[in-house]
Amino acid sequence: MNFDFSDEQKQMRDEARKFLSQQCSPKAVRAVLDGKAAYDKDLWKGLAEMGFLGVAIPEQFGGAGAGHLELCVIAEEMGRALAPVPFSSTVYLAAEALMLAGSEAQKQKWLPKIAAGEAIGTLALFEGKGNPSPKAIKLTASGGVLNGTKKPVPDGAIADFAVVAARSGSTGRDADISLFLIDLKAGGVEVKELTNIDPTRGQAEITFANAKAEPLGATGEGWGIITQVLDRAAVLLAFEQVGGADRALEMGRDYALDRIAFGRPIGSFQAVKHILADMYVSATLARSNCYYGAWALSTNAAELPEAAAAARISATQAFQHCAKNNIQVHGGMGFTWEFDCHMYYRRANATALGLGSLSYWEDALIDRMRKKNAA
């Protein structure tokens, strides 16, 4: 079994890296971090023109129809570049939910717009602190309208539409949860931007007051769909995290080779070598798990739930480890605003919570393995 990418997929990776190196430099990331713009609109437009937004969207819905392996390749490069665009919320969450459970009309309306960069989507799941859980969902759906509040919603302040998890029953079971599709520009929707550790990936609080929405998928099947979406997004976001971890490692290595102390590069000192070696091991282990997750995702294999959790866990740990130790290798300069180390540290910690905490995925992996072994 070959878990490596094909020559065509590697060529796509090279094209994506070249494009992002030109259009998404650290200066461009800082422009969003320091400025008032919520995201880089020119970069978003460029990603659409390159076909990257619709790489996994079927051709009949305006996408490239390439597949999830190609999307994994793009995701890794987006992570390396810290792309300040709503890529994960729109492509990993909203588009995947639509492709899994959307009606033909819903797909025809939104997927071509996503591929063309004309619409930003998101998944409104969380309602405050805590991990994904049916019991945590209090927002209600009745008579085709939504009432309640969701926060944090990734890129919710700039999204055009959202897939919303709502309580449509009162039995106390998972079947009470259904999904709804809502135009966030319509009435009954109030959006408040939230502050967070990484301003280049926005968060929002969205309040629904008798907001009209349409069902996405069958009533009572919402939690099952959410679980599938989260597993898919876990693999894709893991590739972003691995891309960020690799870049943080490269930054630390390059600085260690250039920085001279006591007449020699600091990379020649054993303590620094050990730090870099540990970073390499964590990033390589995470990549191995991500490749397994990519295979499971692209083939819709039965192993996807375990593979997704393993990829998510190892990539989260690797990115946080590499981002933190990149700062350590840089020493005092690594803590300054002028150096780019903190941007990777911000993104590492933001992505660590985006789909649920590390402990949530660790518990999920254990639970899934137990169920599989008991079967």
Where at least one partner belongs to [range], residue pairs that pass salt bridge (Lys or Arg N to Asp or Glu O under 4.0 Å), sequence neighbours excluded:
range            : value
residues 208-226 : none
residues 28-54   : Arg30-Asp340
residues 138-151 : Glu127-Lys150, Lys151-Glu205
residues 358-367 : Asp367-Lys371

Determine whether a donor-acceptor pair (N or O, by modelled atom type, separation under 3.5 Å) exists between the side chain of [X] and the backbone of [Y].
X      : Y      : result
Thr90  : Gly121 : yes
Trp110 : Ala105 : no
Arg368 : Glu306 : no

Nearest-0.5 Å distance that lies between atom [atom1] in [X] and atom [atom2] in [Y]:
X      : Y      : atom1 : atom2 : answer
Ile225 : Leu216 : CD1   : CG    : 6.0 Å
Tyr39  : Phe87  : OH    : CZ    : 14.5 Å
His342 : Ile327 : NE2   : CD1   : 9.0 Å
Trp223 : Arg167 : CH2   : CZ    : 10.0 Å

With distance as the sole criterion, is a donor-acceptor pair present between the side chains of [X] and [Y] under 3.5 Å?
X      : Y      : result
Thr171 : Asp176 : yes
Ser282 : Gln317 : no
Thr122 : Asp155 : no
Ser359 : Ser357 : yes

Could I get the full list of ring pair (Phe, Tyr, Trp, His ring centres under 6.0 Å) partners for Tyr345, not counting sequence neighbours? none

Listed once per pair and sorted, the side-chain hydrogen bond (donor to acceptor under 3.5 Å, both in side chains) pairs that draw on residues 269-279, sequence neighbours left out: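 Applying side-chain hydrogen bond (donor to acceptor under 3.5 Å, both in side chains) to every pair that reaches into residues 269-279, excluding sequence neighbours, yields nothing.
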
Can you pull the side-chain hydrogen bond (donor to acceptor under 3.5 Å, both in side chains) pairs that have at least one residue in residues 245-258, sequence neighbours excluded? Arg80-Glu250, Asp246-Arg287, Arg247-Glu250, Tyr255-Arg259

Checking one residue: [X]. Which other hydrophobic residues are in its cluster under the side-chain 4.5 Å linking rule?
X      : value
Trp337 : Val29, Leu33, Leu82, Met251, Phe319, Met343, Tyr344
Leu353 : none
Val189 : Leu139, Leu146, Val153, Val164, Phe180, Ile182, Leu184, Val191, Ile206, Phe208

Report all side-chain donor-acceptor pairs from residues 51-71 shorter than 3.5 Å, counting only partners two or more places apart or in another chain.
| residue | atom | partner | partner atom | Å |
| --- | --- | --- | --- | --- |
| His68 | NE2 | Glu96 | OE1 | 3.2 |
| His68 | NE2 | Glu96 | OE2 | 2.9 |
| Glu70 | OE2 | Gln9 | NE2 | 3.1 |

Please name all residues satisfying salt bridge (charged side-chain N to carboxylate O under 4.0 Å, His left out) with Asp198, sequence neighbours left out, ordered by chain then number.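 Asp198: salt bridge (charged side-chain N to carboxylate O under 4.0 Å, His left out) contacts with Arg347.
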
Tell me whether Ile366 is reachable from Tyr360 by hopping between hydrophobic residues (I, L, V, M, F, W, Y) whose side-chain heavy atoms are closer than 4.5 Å. no

